[in-house]
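Values in this document were obtained by computation on a predicted structure and should not be read as measured data. The figures that follow rest on heavy atoms only: side chains count, while hydrogens, waters and symmetry mates do not.
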Amino acid sequence: MSIDPLDLCLNIGRAHASLNLKLQEELGAFHGLNYEDFTLLHALLCAEGGRMAMTELSRTLGLPMSALVRKMVLLEKTGLAERTAGAIEDNRRHATIRPSGKKLMQAAVTTVEAICADTVKSLAPQSLPQINATLLAFCHDDTPKV
């Protein structure tokens with residue numbers, strides 16, 4: 001069985017949009033977060049010491065630096081995260097999750113885990129590693145563009 005690459009990519013986009021909508025609704029209703037803020041805070045929550053260089057965070061989230069800075073300004077205003085200076089030998093700016101952000105994320109992660117578990121329940125459990133590997137390959141495609 002052959003599938004058209006365009007159809008595959010459009011279906012991936014539709015699946016992402018559907019999941020994003022579910023997550024937006026639940027995160028907003030129960031935690032006052034949108035999905036993009038959740039992904040940013042989750043990246044910081046998982047980072048060593050709750051801290052990540054802004055350039056690395058920008059690449060991780062697939063955001064231009066200007067968009068990341070705008071998001072960080074809003075998260076700083078709500079006390080969930082902050083921008084900090086690097087060590088003396090590291091002059092890069094860093095993003096850090098604050099204690100209130102960690103507390104909020106503990107509850108939000110529980111909500112998102114439940115939604116994600118419900119989303120994948122119709123898939124064969126043995127297929128999940130291959131699906132995950134395929135999606136990660138899309139994320140890390142380093143092939144030269146011609």
Looking only at heavy atoms, what is the nearest atom pair of R98 and G79, with distance? CB-O, 3.4 Å
Looking only at heavy atoms, what is the nearest atom pair of L44 and A81, with distance? CD1-CB, 4.3 Å
ILVMFWY network linking F138 to L128, side-chain heavy atoms under 4.5 angstrom: yes
Spatial distance of atom CG (D37) from atom CG (L80) [nearest 0.5 Å]: 8.0 Å
To the nearest 0.5 Å, tell me how far I97 CD1 sits from M105 CE. 6.0 Å
Rounded at 0.5 Å granularity, tell me how far CD in E25 sits from CD1 in I115. 9.0 Å
Looking at CG of L40 and CG of L57, how far apart are the two atoms once the value is rounded to the nearest 0.5 Å? 4.5 Å
Over all heavy atoms of both residues, which pair between A85 and R51 is shortest? Give the atoms and the distance, please. O-NH2, 3.0 Å
Using the rule that two of Ile, Leu, Val, Met, Phe, Trp, Tyr join whenever any of their side-chain heavy atoms come within less than 4.5 Å, decide whether I12 and I131 are in one cluster. yes
Can you tell me if Q24 uses its side chain to pair, donor with acceptor, with the backbone of Y35 under 3.5 Å? yes
Using only atom types and a distance under 3.5 Å, with no angle test, would you say the side chain of D118 pairs donor to acceptor with the backbone of A114? no
So, the side chain of S58 versus the backbone of M54: is there a donor-acceptor pair under 3.5 Å, distance only? no
Where do L19 and L23 land on the side chain to side chain contact (heavy atoms under 4.5 Å, CB included) test, with the steps shown first? CA-CA 6 Å; L19 179 58; L23 292 170; 3.8 Å; yes
Can you give me every donor-acceptor pair (side chain of residues 63-78, partner residue at least two apart or in another chain, under 3.5 Å) with its distance?
| residue | atom | partner | partner atom | Å |
| --- | --- | --- | --- | --- |
| E76 | OE1 | R83 | NE | 3.2 |
| E76 | OE1 | R83 | NH2 | 2.8 |
| E76 | OE2 | R83 | N | 2.7 |
| E76 | OE2 | R83 | NE | 3.3 |
| T78 | OG1 | L74 | O | 3.4 |
| T78 | OG1 | L75 | O | 3.1 |

To the nearest 0.5 Å, tell me how far L61 CG sits from E56 CD. 10.0 Å
What's the spacing between H31 NE2 and Q106 CD if we round to 0.5 Å? 11.5 Å
Taking S18 for the side chain and A15 for the main chain, is one N or O donor matched with an acceptor at less than 3.5 Å? no
Are V112 and V120 joined in one hydrophobic group, where the rule is that I, L, V, M, F, W and Y side chains link up if heavy atoms are under 4.5 Å apart? no
Identify the two heavy atoms, one from A108 and one from L27, that lie closest to each other, and give their separation to 0.1 Å. CB-CD2, 4.0 Å
If Ile, Leu, Val, Met, Phe, Trp and Tyr residues are connected whenever their side-chain heavy atoms lie under 4.5 Å apart, and connections chain through other members, are I3 and L135 in the same group? yes
